Amino acid sequence: MSTHTGRKFRVGIIGGGGIAQAVHIPGWRNLPEVEIVGVADVSEATAKKAAAAAGEGTKAFTDYKELLKQNLDAVDICTPNKIHTPAALAALNAGVNVICEKPLAVTTAEVREMGELADKKKLKLMTAQHQRFTQSAQAVKGWIDAGNVGDAYHARVRATRRAWLPTAPGFIDAKLAGGGPCMDIGVHALDLCMWMMNFPKPVRVTGTAKTVFAKGHDMPNQWGEWDRERYSVEDFAAGFVHFDNGATMVLEASWMLHQVENEEIQAHVFGRKGGVDWPSGKFASAPNGVFAQGTLTHPVHVPHPHWNELAAFYDCVANGKPSPVPWTETIKVIGILEAIYQSSEQGREIVLK
Ligand SMILES: NC(=O)c1ccc[n+]([C@@H]2O[C@H](COP(=O)([O-])OP(=O)(O)OC[C@H]3O[C@@H](n4cnc5c(N)ncnc54)[C@H](O)[C@@H]3O)[C@@H](O)[C@H]2O)c1
């Protein structure tokens, strides 16, 4: 593998659609140590298009099991959410390291199954939470880790859009997506916030998940029309979380609601020494009884967070480093989202083990 054996690092991509073509293929191509051996997609046309974009010699497959026979070092899973688990388990069982788009899976049972298999096989498993690799996130995390917030006792997480509902079946059909905005964009802001808080253990969750607009015709969508018959996930979710260290969190996720802003993907952490908001970098504190506030700036230029995410994954596999986004962190994130759905269905608070 890679520089150690004198050959290139062999990557396969499972799911060659939107995100694979927009950022993953260019990101892998940016790494000189890597060759994209093949792209598998159930759509032959998509597999061929993505393979052509991946470079000369990249093969197209319609069955990812055929791709897994190509002596790969790693796969990059970019399918709809519900395909993540079977594809990751097949790859790990074939002895291949895995980076997988968010959400890693839509249940904690699946995350655990993947994670324990990866550990048993001594393979790397990374959730593609690219927001951690943005310069705004690096600045806020650095400021918090330097002690400027102190004990974080509350957080506010928001992933809400005025009217940006993704229209592809992979997002709106529960059989493919496993969840709506909670799993799609809530997961970004929640992962970021949990990372900023150093991943306290969630212990109790109440939540609601409902479909307010997406079954009807009274809200325009900036991404156009969608199949209302097939629509079977929530379009709004909210939750309240208690952590074992006494901290709390409120969370809101929606693809459509009456807010002025087109999109707010935000995490605000409140501590005894200070509070800070991502991605704005705005902070507030009161040292020596004097109100202080400002905006964190980003001295390090991070042009492509997705590319940096892939480079970090390559580095962890090639150089034996820990996964940059390990399943043991992701299982806490998915545990909160899963519990919001359970609480909504069961009409009660969910106690997490
Ligand atoms: N991190 C980000 O910024 C970001 C942005 C968008 C999407 N995503 C995630 O990426 C994933 C894919 O989203 P997308 O927007 O690219 O969707 P998409 O629908 O554009 O592409 C998904 C592709 O997977 C293929 N596919 C479906 N089942 C398959 C199977 N069994 N084997 C192989 N291929 C299969 C589809 O044919 C399609 O081409 C989702 O999990 C989504 O949450 C992440």
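Just follow the structure's listing: the first ligand is 1, and inside any ligand the first atom is 1. Quick note: numbers below take in every heavy atom, side chains included, and nothing from hydrogens, waters or symmetry partners. Note that the coordinates shown come from a computational prediction; the quantities given were computed from them, not determined experimentally.
- Under the side chain to side chain donor-acceptor pair (under 3.5 Å) test applied with Arg161, the options Glu263, Gln222, Glu261 reduce to a single match, Glu263.
- When each atom of ligand 1 is checked for a heavy atom of Thr46 under 4.0 Å away, the hits are 39 (O).
- Among all protein heavy atoms, the one lying closest to atom 13 (O) of ligand 1 is Phe171 CZ, 3.7 Å.
- Using a 4.0 Å cutoff on heavy atoms, Ala40 counts as a contact of ligand 1.
- With ligand atoms numbered from 1 in the order given, ligand 1 contributes 16 (O), 18 (P), 20 (O), 21 (O) to contacts under 4.0 Å with heavy atoms of Gly18.
- With hydrogens left out, the protein atom closest to atom 11 (C) of ligand 1 is Thr79 O, 3.2 Å, a heavy atom.
- For ligand 1, the atoms lying closer than 4.0 Å to a non-hydrogen atom of Gly15 are 24 (O), 34 (N).
- Protein heavy atom closest to atom 2 (C) of ligand 1, with residue, atom name and distance, is His306 NE2, 3.6 Å.
- Using the six-membered ring where Trp is involved, His258 and Phe213 have ring planes that are perpendicular, over 60° apart on the 30 and 60° scheme.
- Heavy atoms of Met183 come nearer than 4.0 angstrom to ligand 1 in no pair at all.
- Within the structure, ligand 1 has His84 among the residues with a heavy atom less than 4.0 angstrom away.
- The protein atom (non-hydrogen) at minimum distance from atom 22 (C) of ligand 1 is Cys78 O, 3.6 Å.
- Between Trp255 and Tyr231, the ring planes lie perpendicular to each other; the angle is over 60°, past the 30° to 60° tilted range.
- Among all protein heavy atoms, the one lying closest to atom 44 (C) of ligand 1 is Glu101 OE1, 3.1 Å.
- Scanning the protein for heavy atoms near atom 23 (C) of ligand 1, the closest one is Asp41 OD2, 3.6 Å.
- For ligand 1, the atoms closer than 4.0 angstrom to any heavy atom of Val42 are 26 (N), 27 (C), 28 (N), 29 (C), 30 (C), 31 (N), 32 (N), 33 (C), 34 (N), 35 (C), 37 (O).
- With a 4.0 Å heavy-atom cut-off, ligand 1 is reached by the backbone of Ile19 and by its side chain too.
- In this structure, the protein non-hydrogen atom closest to atom 27 (C) of ligand 1 is Pro80 CD, 3.4 Å.
- Panel note: side chain Ser343, backbone Arg348; a donor-acceptor pair is recorded below 3.5 Å.
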